[in-house]
Number of protein chains: 2
Amino acid sequence: MNRAAGDFEVAADGGQPAAVVPGRRGRPRSAAADSAIIEAVLSLIEDGVSIAELSMERIAREAGVGKATVYRRWPGKNALMLDVMRSLDVPSPPAAGLSVRDDLVSLLEFLRHRGLAKRGSALLRTVVSHVRAQPELWAEYHATVIRARHEALLGVLRRGVANGEIRADHDLDTLADLFVGPMLARALLHERTDLPEALPADLVDLVLEGVRPGARPAAATAAG
Amino acid sequence: MNRAAGDFEVAADGGQPAAVVPGRRGRPRSAAADSAIIEAVLSLIEDGVSIAELSMERIAREAGVGKATVYRRWPGKNALMLDVMRSLDVPSPPAAGLSVRDDLVSLLEFLRHRGLAKRGSALLRTVVSHVRAQPELWAEYHATVIRARHEALLGVLRRGVANGEIRADHDLDTLADLFVGPMLARALLHERTDLPEALPADLVDLVLEGVRPGARPAAATAAG
DNA sequence: CCGATACGGAACGGGACCGTATCGATGACT
DNA sequence: AGTCATCGATACGGTCCCGTTCCGTATCGG
């Protein structure tokens, strides 16, 4: 019964498994152990360890924790990985600023650091490779990380359409991919996986050029 | 000595390890076993098995081959995986056609089928997740698969710049990512990973709108 | 035919990991 | 003070895999 109660607390708490239940007897679970375990998984993934190579023993070792302490919280690796995904709160969506153009730039700049930098990139790579084998893991990552960013981007694009800065004759999801995709391609497909500082602004200006209803750039005025 | 000679043939032959050497005594190696092993690896990867989960025993089992037959050809899993990457010949870059626009569409259409469809997508996901852990594997995949496609795309873009269909004020590598990236984003980031049939044409038209020097689309003629 | 090398299959000792159990110590409740 | 679930650590039997070695058979060159 204790096991079952504990496991349900995992789901109910939404990521931090060791909630202190008021009526609970005995020594309470260590919150430090929780975060050490989650952090150990993230750290190992960041170092390029694939999920298949992530053993419970190795996770416990990395976390400086007994194996039983891990199994007391999660019934197995799958459940642990799901909670790791749930722990990936997007820190803060960049606030709505001045122009749609500037908001897009700051959104992509946010993606450049937090989304496709070291840890974010390793996570994305690792999770993306397990789409077929562990669909639930992918679903959780998508719901926690990808969806929020996509929605934020869509919001800015909708504002652009309403403002008249963006033409309304394109599917907004496709348009969103037009901004995110090149960042992704650069982070995953090229040999150097770091993203240049100027990339977000360049990308936004380049794409907006094609979708805004306004004037042509100076370089093209002579052409006919 | 036989072992060493055999291993060098692997490298010299460029992917098919069991070359029949004229002066060789005894029963020659089975070419069928070679392809069965390579095919087994690709098939397993296609089913979502990560490289870490790919054991030599499982590969031999899937190929219907004794384990010794695998070890006779490759010294270990790493070497085998490298040859698997080398076996991934890009079947045929789409021929240069009429307009730059049409060539871009057929190039992306090619990518849609062969590059990001079932097998290609699984391979990309799997290899991309091992960038940190096995850089040589990534380098080989990049050299065999990605580079050829990127060069083909760059060639078309250069032709577009020469023709005047594409303005010359943008980095061509960035421009290439502008075409490939959205395909990649759609294949990797969305929940449905299949690519719509109309995506290549839509994408090319959308991007070209922003980078061609010519007239504006009809919707924008009235604007300032 | 004969020597040599290949084949699929089975077995080997060694190692890593699984999930569980047990240990003495720890610490927050009653 | 007493109770009791937790802690890190260690050990267990079981499973899978590694890389090698042997088997009996098949298939080449000489």
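Chain letters run A, B, ... following the sequence lines, proteins first, then strands; residues in each count from 1. Remember, it's a predicted structure, so these values are computed and weren't measured experimentally. All values below come from the heavy atoms of this structure, side chains included, with hydrogens, waters and symmetry mates left out.
- If you take CD1 of I51(A) and P of dC18(C), they are 14 Å apart, rounded to a whole angstrom.
- Looking at K77(A), its side chain does come within 3.5 Å of a backbone N or O of I51(A) through a donor-acceptor pair.
- When rounded to the nearest whole Å, the span between CZ of R58(B) and P of dC17(D) equals 8 Å.
- Take the nearest nucleotide of DNA chain D for G26(B) and for G76(B): the residue whose nucleotide is more 5' is G76(B).
- Rounded to a whole Å, the CZ atom of R72(B) is 12 Å from the P atom of dT20(D).
- Counting only distance, with no hydrogens or angles, the side chain of T144(B) and the backbone of E140(B) share a donor-acceptor pair below 3.5 Å.
- Aromatic ring centres of H142(B) and H190(A): separated by at least 6.0 Å.
- Protein atom CH2 of W74(A) is 16 Å distant from nucleotide atom C1' of dG19(C), rounded to whole Å.
- If you take OG on S87(A) and CD1 on I37(A), they are separated by 12.0 Å, rounding to the nearest 0.5 Å.
- Going from atom CZ of R27(A) over to atom C1' of dT3(D) covers 15 Å, rounded to whole Å.
- R25(A) places its CZ atom 14 Å from the C1' atom of dG27(C), with the value rounded to the nearest Å.
- Of the residues near DNA chain C, A68(A) and L54(A), the one whose nearest nucleotide (by heavy atom distance) lies more toward the 5' end is L54(A).
- Atom OH of Y71(A) is separated from atom P of dT6(D) by 17 Å (rounded to the nearest Å).
- In terms of position on DNA chain D, the residue among E57(A) and T69(A) whose nearest nucleotide sits closer to the 5' end is T69(A).
- Whole-Å rounding puts the K67(B) NZ to dC7(C) C1' distance at 16 Å.
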